[in-house]
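Report on the following structure.
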Amino acid sequence: MKKRNKQIFTVIFIFVILIALGLIYMTYMLDKIEANASNSIKTIVKNDASNLNKEIEDQKAILESITNKIIIDNTINKEEIFEMYEKSDITSKFIRMAIMYEDGTTITNDGYKVDYSDEIENFFSNNQIHVSENRVSKIDGKEINIYSKALEVDGEKIAILLIVTTESYKDIFSNKIFEGKGFSYIVDKTGVIVVNANRKIKNGNLLEAIEQILKNSEKEKFIAIQNTIKDNLNNNISGENILETISGKYYMVYEPIGENEWTIFTFIPSSAIASEANSALLTTFIVSIVIILVFVFISIYIIVTNNKRQKQLYEYAYIDPVTKKGNVYFFREKGQEILEKNIPDLYVLILDINKFKMINKAYGYKIGDNILFGVGEELQKIFKENNSLICRYSNDFFAVLFESNNITKLLNKVVKNVENLKLKNNSYNLSINIGVYKIKKEDTDITQVLDKAIIAHSISKGNVFDKYHIYDEKIEKELEEESKIENEMNNALLEKEFKVYYQPKIYTNTEKLYGAEALVRWQHNGELIPPNKFIPLFEKNRFILKLDLYIFEQVCKDMKNWKEKYGKEPVISVNVSRQHFMEENFLEKYAMITAKYGINPNNIDLEITESAAVNDGIDIIEIMKKMKKLGFLISIDDFGTGYSSLSMLQDMPVDIIKIDKSFVNIIGKNEKNIVDYILYIAKELNLKTIAEGVETKKQIEYLLEKGCDIIQGYYYSKPLQVNEFESYLI
Ligand code: C2E
Ligand code: CA
Ligand code: CA
């Protein structure tokens, strides 16, 4: 799974967990709310009961005070009694007052006459105040309750009735709570309803009604509840139950009022509680969901933007903006992973574009960038099927890690396609060099592997014919050697470890000394290192510039010595590396040194190899002219091995031609000898000739016969130390 998806999954997971927790919390709260609700119902009912009790007590007290007054005043004059009632401030509590006579005739204060003969038993029962159950008023059809007290004045029996509307009790019930869904009753100890608050019950008996309701539930349960209620009613004890009915669950709470052995019953349907609780919970739930959703969205937003940023950072860190390929860090990281898989036939390649600076200069940086991009694309195309990893390693360097079982074919294709790069409608001729390393099992480090490809590249670098080089162990040894030499060369110069040896040059006909060639030797740790071991390297790292000057100065010193010591001034030749020709003023330095030692430049011969003389891009003729102007002699060294043309030779102000040893070697072995030809040309151009590497008498005889002027070679002498050479000067 991608990192981002993982994070989003986590957020959604947390989201689900939170919702689940919310639901658990909700059910827990619902239970709690229900428990709380039943507590509150109890409290409410207790309150109702005590309020009702108080109210009834108050009303009873009023009736009591009225009857007392009648007894005290000793009058049953109805006008007087009604007047007393009407003048008092109690009228608001009752709807009317009535006097009931023994025969049941009842006269109200507001002028009605009703027959209550069927109630005589109730209203005249004793001297106690009687509170009736609710009934329909015979006067106005309202539901009423009647307080009655019988009394006797002067032997005459009457009952005083105070009438209240049942409605007025209902006001005392608090069952308006729970959205008016609750309902209450006041019942007597047998369950007969005395006051019916909001709901009519068929037979007027609550116990019977409850029985009806409970019939559907389990028998034992029902009997148990029924019995408890009955007992409690009898003993004026409060209680509570949850009644399961077909129309739902009800909380039933009852509390004795403390009057008339009445008990108040309140029923609240659980749906009323739940709906109240639910709406509270729903609000909480919605708020939580909103909060959670906000959290989820913020989290996802953070994850997405963070990932974007990470991606950007990744690109900054790992993607090369020009080629859109990975950069060196990318290559190292991914390459290391691939390396660790131990894939056979895995190669790493380093490719660079030669003289890319010139391309930038010639076409501008924009096109330069396009070319780099194009090279990246081309490489991708070529290595498409090689499980490759391609990166721009640095500037104009690319690195590719790839699998191949036909490396030469692949490399040839790279050279061909990249060197003739096609970009849109243009094609560019590039010159590239490639270094390749075949990865071995024991290679574990991508940087080391890359280093080897870089080494191989350095061998091929700048080589026009060898476009790619595949690393082999031999190179490494050579390079090690080279780096050792490089570390030591400067010190060697200071320590004067470089020595000049002189190889005599002898006139062919007289066998007398003509002069000598100065050849360098490196005396290092007791051994004498020949120049072919270090000159090529010094030419590469340009240390040769210093070395040649040093040798030249040594030669001048020696020549000055000989002049003073022996009065002899032989012509001494020194080798001048082609590297000097790229330096400005190098000849001035040479001239200054000759001047410093008082040496006539006429006695110094500067040897320039033929290949150096044809080096294009340098105006060698100009340099030679300058040499001549300063008075130096000029030799063309290794003549015949380079590619100089006759016409060039004609234009060069040279003095001497040195016939290369390879031609001397084949004297007598070949019928048509190139030596003859060279000698012929030299004569034609009026140049002196020196044969190099002459080792045999036979060679000398031949050269003498053909008119070669001077001989240099082991036949006469190897290069000698100064003191040895001096014997030639005596
Ligand atoms: P080179 O200029 O062609 O020098 C002639 C080489 O042939 C010398 O090798 C010399 O020792 C060798 N040689 C001469 N006669 C014979 C012979 O009869 N048989 C054989 N087998 N070899 C003979 P050396 O001294 O080893 O120098 C090698 C090359 O190093 C020189 O080739 C020259 O190109 C270069 N070199 C030597 N000293 C210097 C120097 O001071 N400066 C520069 N730039 N190059 C130098
Ligand atoms: Ca030479
Ligand atoms: Ca030579």
Side-chain angles (χ1 to χ4, degrees), residues 489 492-493 496-506 514-523 527-558 571-583 586 590 593 604-613 615 632-642 644 654-667 675 678 689-700 703 708 710-722 724-725:
M489 62 192 185
L493 198 62
K496 296 190 173 17
E497 288 181 8
F498 295 106
K499 306 285 179 200
V500 187
Y501 275 58
Y502 293 96
Q503 187 175 34
K505 292 175 180 171
I506 309 289
Y514 160 74
E517 177 176 4
L519 294 157
V520 68
R521 300 287 179 268
W522 186 355
Q523 203 145 36
E527 68 175 313
L528 206 61
I529 307 170
N532 59 345
K533 282 268 163 65
F534 55 88
I535 297 283
L537 172 65
F538 290 176
E539 291 202 310
K540 230 179 355 184
N541 67 23
R542 298 173 64 78
F543 183 68
I544 196 71
L545 301 179
K546 279 190 193 169
L547 183 64
D548 275 357
L549 271 179
Y550 174 79
I551 297 296
F552 187 79
E553 182 153 8
Q554 291 311 111
V555 168
C556 289
K557 241 188 232 171
D558 287 339
V571 174
I572 303 297
S573 65
V574 289
N575 294 285
V576 178
S577 165
R578 63 163 83 179
Q579 295 298 327
H580 293 280
F581 304 157
M582 274 143 351
E583 293 289 293
F586 86 92
Y590 276 72
I593 294 168
I604 292 181
D605 174 11
L606 303 179
E607 292 194 10
I608 298 165
T609 57
E610 189 193 7
S611 57
N615 200 341
F632 293 109
L633 295 171
I634 301 173
S635 294
I636 295 288
D637 203 354
D638 304 340
F639 191 80
T641 58
S644 61
V654 298
D655 303 285
I656 303 151
I657 282 179
K658 290 188 82 178
I659 304 166
D660 191 68
K661 183 175 179 293
S662 55
F663 304 118
V664 175
N665 277 351
I666 51 172
I667 284 177
V675 173
I678 296 171
T689 47
I690 298 179
E692 280 189 293
V694 179
E695 292 177 346
T696 63
K697 178 96 182 140
K698 210 170 147 196
Q699 290 164 343
I700 295 194
L703 290 164
C708 175
I710 297 154
I711 303 289
Q712 179 185 349
Y714 292 175
Y715 181 80
Y716 288 114
S717 173
K718 287 189 172 186
L720 303 169
Q721 289 181 50
V722 200
E724 289 173 332
F725 174 68

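As the structure lists them, so they are numbered: ligands from 1, and atoms in each ligand from 1. Heavy atoms only: backbone and side chains are in, while hydrogens, waters and symmetry mates are out.
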**Request:** Show your working on side-chain contact (heavy atoms from CB on, under 4.5 Å) between His580 and Tyr590 and close with a plain yes or no.
**Result:** CA-CA 11 Å; His580 293 280; Tyr590 276 72; 3.7 Å; yes
Of all the N, O or S atoms in [X], which has the shortest distance to the Ca ion (ligand 2)?
X      : answer
Asp637 : OD2
Glu607 : OE1
Glu517 : OE2

Given that the side chain starts at C-beta and the backbone is N, CA, C, O, which of these parts of [X] lies under 4.0 Å from ligand 1, counting heavy atoms, or is it both or neither?
X      : result
Pro719 : side chain
Val500 : neither
Lys718 : neither
Arg521 : side chain

**Request:** Determine, using heavy atoms of Glu539 and all atoms of ligand 1, whether some pair is separated by less than 4.0 Å.
**Result:**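 No, Glu539 has no heavy atom closer than 4.0 Å to ligand 1.
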Taking atom types as modelled, is there a side-chain donor on [X] or [Y] under 3.5 Å from an acceptor on the other?
X      : Y      : result
Lys505 : Ser573 : yes
Asn665 : Glu695 : no
Asp605 : Ser635 : yes

Show me which atoms of ligand 1 lie under 4.0 Å from any heavy atom of [X].
X      : value
Pro531 : 24 (P), 25 (O), 26 (O), 27 (O), 28 (C), 30 (O), 37 (C)
Gly713 : 15 (N), 18 (O)
Glu695 : 17 (C), 18 (O), 19 (N), 20 (C), 21 (N)
Asp638 : 3 (O)

**Prompt:** Under 4.0 angstrom from atom 34 (O) of ligand 1, is there any protein heavy atom?
**Reply:**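 For atom 34 (O) of ligand 1 the answer is no, since every protein heavy atom stays at 4.0 Å or beyond.
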**Prompt:** What do you think, any protein heavy atom under 4.0 angstrom from atom 7 (O) of ligand 1?
**Reply:**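 False for atom 7 (O) of ligand 1.
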Sub-4.5 Å side-chain heavy-atom contact between [X] and [Y]:
X      : Y      : result
Phe632 : Val576 : no
Asn541 : Met489 : yes
Pro504 : Gln712 : no
Val574 : Val500 : no

**Message:** Given the Ca ion (ligand 3) as the apex, I'd like the angle to OD1 of Asp638 and OE2 of Glu692, rounded to 10 degrees.
**Reply:**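 Between OD1 of Asp638 and OE2 of Glu692, at the Ca ion (ligand 3), the angle is about 160°.
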**Request:** Could you say whether the N/O atoms of Asn532 and ligand 1 ever approach to under 3.5 Å?
**Result:**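 No, there is no polar N/O contact under 3.5 Å.
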**Request:** Return a yes/no value for Leu519: is any of its N or O atoms, backbone included, closer than 3.5 angstrom to an N or O of ligand 1?
**Result:**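 No, since none of the N or O atoms of Leu519 sits under 3.5 Å from an N or O of ligand 1.
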**Message:** Measuring from atom CG of Leu519 to atom CG of Leu720, what distance do you get when rounded to the nearest 0.5 angstrom?
**Reply:**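 Those atoms lie 10.5 Å apart.
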**Request:** Starting at NZ of Lys658, measure out to CD of Glu517 and round the result to the nearest 0.5 Å.
**Result:**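 If I round to the nearest 0.5 Å, the distance is 3.5 Å.
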Starting from [atom], what is the nearest protein heavy atom, named by residue and atom, and what distance separates them?
atom                    : answer
atom 38 (N) of ligand 1 : Val520 N, 3.1 Å
atom 5 (C) of ligand 1  : Glu692 OE2, 3.6 Å
atom 42 (N) of ligand 1 : Asp548 OD1, 2.8 Å
atom 45 (N) of ligand 1 : Asn575 CB, 3.5 Å
atom 15 (N) of ligand 1 : Gln503 NE2, 2.9 Å

For [Y], is there any backbone N or O sitting under 3.5 Å from a side-chain donor or acceptor partner on [X]?
X      : Y      : result
Gln503 : Ser717 : yes
Asp548 : Ser577 : yes
Lys718 : Tyr715 : no
Asn575 : Glu607 : no

**Request:** Test side-chain contact (heavy atoms from CB on, under 4.5 Å) on Phe586 and Phe581 and set out the steps.
**Result:** CA-CA 8 Å; Phe586 86 92; Phe581 304 157; 3.8 Å; yes
Where the closest heavy atom to [atom] is concerned, which of [options] has it?
atom                    : options                        : answer
atom 18 (O) of ligand 1 : Tyr714, Phe538, Tyr715         : Tyr714
atom 1 (P) of ligand 1  : Leu547, Ile551, Asp637         : Asp637
atom 21 (N) of ligand 1 : Lys661, Gln579, Gln712, Arg578 : Lys661

**Message:** Tell me whether the Ca ion (ligand 2) has Asn575 as a neighbour, meaning an N, O or S atom of it below 3.0 Å.
**Reply:**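 Looking at Asn575, which is the residue asked about, there is an N, O or S atom under 3.0 Å from the Ca ion (ligand 2).
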